[in-house]
Amino acid sequence: MSDPRHVDAAEAGLSQWGENASSLLQILIHIQQSLGHSPDTAVQLLSSRLGIEPAVIDGVVTFYSFLSHEPCGRYDIRFSDNIIDRMLGGRESAERLMKQLGLEAGKHDPARGVTIDYTSCTGMGDQGPAALVNGLTLTRLTPERIDVIADLVMRQVPVDEWPRDYFEVEENLLAGDILLDEWYHPGAATQAVQSIGKSTILEQLEKSGLRGRGGAGFSTGMKWRFCAEVEAEQKVVVCNADEGEPGTFKDRLLLQSYADRLYEGMTLCAAVTGAQKGFVYLRGEYRYLLEALEGELQKRRDARLLGESILGQEGFDFDIRIHLGAGAYICGEESALIESLEGKRGVPRIRPPFPVTHGYLGCPTVVNNVETFIAAAGIAENGPEWFRSRGTEASPGTKLLSISGDCDKPGIYEIPFGMTIVEILDRCGASDTQAVQVAGPAGIMLAPEEFGRKIAYEDVPTGGSFMVFDTSRDLLAAARNFMDFFVHESCGFCTPCRVGTTLVNKLLEKIGNGHGTTVDLETVQRMASVMRNTSHCGLGATAANPAVHLIEHFPTMLYERLRHTSFEPSFDLDAALEEARQATGRNDPGAHLQGGGV
Ligand code: SF4
């Protein structure tokens with residue numbers, strides 16, 4: 001007998017998202033939120049209604065961290081676990097809660113209906129330790145708060161009755177510049193297309209030198225022009241709000257307090273390219289923002305800035321829908337994101353063709369991130385000179401940074417491109433700094449002698465993550481945390497990345513355990529080179545960076561931790577035989593490797 005609640009949840013998901021295959025992921029998220037898992041009954045029902053094989057649906061469920069076949073219970077608690085979270089005491093918080101509830105990480109307790117586990121960075125590096133409970137963000141988890149949470153779970157208090165201040169996310173903007181100034185007038189950028197024309201807007205974007213703020217730095221004007229020039233019945237604008245790079249949280253602020261500017265930028269893009277459909281792909285960790293973001297969309301529809309005949313212009317129809325992610329870092333890669341928007345596993349596509357000609361459901365698609373769309377709206381309203389008043393020749397404008405780690409003032413800073421690392425450290429109150437990790441785990445770890453370098457595409461590019469480590473920190477532990485992240489987030493599609501991330505991680509583990517040698521360092525660099533040259537997408541190509549940068553930028557620290565032999569096995573065979581010796585009651589020399597026997 002099928003459980004009627006399972007059928008109801010699936011039916012509600014189908015009715016909200018429509019009976020088409022591209023809605024699959026959103027329907028599964030709805031079911032997960034309603035039931036705490038994706039039961040077989042629901043999978044079977046979706047299979048028959050959407051025409052997708054159950055095995056394919058299972059493949060989607062297993063791909064995303066926030067979906068599961070097994071029940072997670074009434075309380076699904078996941079502690080944010082990047083290196084900054086650990087420095088803030090995230091592990092201790094999780095262990096304290098598990099101890100109080102008598103639980104192990106990842107194990108479900110059916111009696112109390114609770115599961116506690118770890119997850120990748122939740123974007124709260126400036127206000128951790130943080131966690132998600134049933135997908136909603138908990139911040140500043142002091143030991144006192146953890147004790148209260150344990151009590152709430154034991155008393156089975158529903159999550160919506162937990163103290164509201166536990167769910168508070170502060171803006172934490174500590175320095176703004178032109179992007180966040182008071183220039184914005186709703187509809188003005190879109191209106192500019194009507195008054196000065198599409199080609200002038202494209203020229204202004206190109207003149208401004210705006211490059212994608214996600215880190216790759218492709219010219220935004222050029223991308224929009226390519227899409228505008230393609231003939232197609234349907235075009236699509238996608239905002240990548242899947243801010244998954246560990247240590248990055250600046251889009252959180254933009255989505256929380258500047259969403260209308262984002263929608264303006266997307267509508268501007270639609271006006272220029274001829275798109276009718278827009279999506280915001282919002283990372284699952286930011287689900288707490290969903291309601292407010294939907295509210296802002298509705299306000300724009302009411303003001304005729306979205307929907308049919310925008311600004312009274314016949315034929316200018318464009319609307320935006322928000323899709324949630326479900327805990328998969330790789331979906332930040334634009335072609336993986338499009339696969340995910342289509343309801344599938346987020347496996348990167350083979351390119352070319354590029355999304356700008358063959359994107360969402362084969363339609364020409366512009367994908368830009370939150371910051372890029374807002375900058376484009378600012379340029380349309382204020383002109384290219386306004387934008388070029390900051391930054392360098394090759395990197396005009398400003399960059400939002402998410403600063404976390406060992407500094408007095410962690411938070412969000414808008415800085416002009418070209419600012420040096422040492423100036424930024426000074427601004428955020430960092431002292432005794434041993435290293436700065438810029439651009440997340442795939443980025444670069446800089447040593448003090450490199451702090452004169454600049455944040456700019458031509459020197460140190462970044463999507464926005466800036467993590468500070470003082471001299472009390474173990475950089476090898478940081479690199480291992482980054483490698484763990486890549487092992488977990490590799491989508492498994494190609495061998496160099498799937499196997500390489502694990503092997504490099506094992507070598508770092510070996511070095512950390514005191515068995516490393518120079519041979520291991522050489523092996524890491526050889527493997528990194530293979531991964532860089534043969535991986536299918538950017539994740540695999542850059543996944544060995546944490547290990548390589550440690551070797552290149554911190555050789556002294558690393559060499560001090562090596563054994564001075566040319567090779568040391570990572571596996572202690574004699575120790576592993578101890579169990580067998582005990583079972584057979586032998587402990588004579590012949591039962592030891594050194595004794596010549598096995
Ligand atoms: Fe997947 Fe890694 Fe290959 Fe990218 S490089 S497709 S993440 S396995």
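Atoms within each ligand, like the ligands themselves, are counted from 1 in listed order.
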- Message: Angle between ring planes, Trp17 versus His323, binned at 30° and 60°: parallel, tilted or perpendicular?
- Response: perpendicular
- Hey, is there an N, O or S on Cys537 sitting under 2.8 Å from atom 3 (Fe) of ligand 1? no
- atom 6 (S) of ligand 1 sits nearest the protein heavy atom His536 CD2, 3.5 Å
- Item | Mutual orientation of the aromatic rings belonging to Phe485 and Tyr329 [parallel < 30°, tilted 30-60°, perpendicular > 60°] | perpendicular
- Assess Cys497: does it contribute an N, O or S atom lying under 2.8 Å from atom 2 (Fe) of ligand 1? yes
- Could you list the atoms of ligand 1 found under 4.0 angstrom from a heavy atom of Phe493? 1 (Fe), 6 (S), 8 (S)
- When you check the side-chain N and O atoms of Asn20 and Ser23, is any donor under 3.5 Å from an acceptor? yes
- Message: Distance under 4.0 Å to a non-hydrogen atom of Ser490: what atoms of ligand 1 satisfy this?
- Response: 2 (Fe), 8 (S)
- Query: Which ligand 1 atoms are under 4.0 Å away from a heavy-atom of Gly540?
  - Reply: 5 (S)
- Atoms of ligand 1, numbered as shown, that sit under 4.0 Å from any heavy atom of Cys494: 3 (Fe), 5 (S), 8 (S)
- Task: Using heavy-atom distances, let me know which of Pro348, Gly492, Cys491 sits nearest atom 7 (S) of ligand 1.
- Result: Cys491
- Assign the ring pair Phe373 / Trp224 to parallel, tilted or perpendicular, where the plane angle (0 to 90°) is split at 30° and 60°. tilted
- Within a distance under 4.0 Å of any heavy atom of Ile330, pick out the atoms of ligand 1 and give their elements. 7 (S)
- So does Arg283 pair up with Glu243, basic N to acidic O under 4.0 Å? no
- Query: Within a strict 4.5 Å, meaning less than it, do heavy atoms of the Thr357 and Phe226 side chains meet?
  - Reply: no
- Message: Whether Arg351 engages the ring of Phe354 as a cation-pi pair (distance to the six-membered ring centre under 6.0 angstrom, angle to the ring normal within 45°) should be assessed.
- Response: no
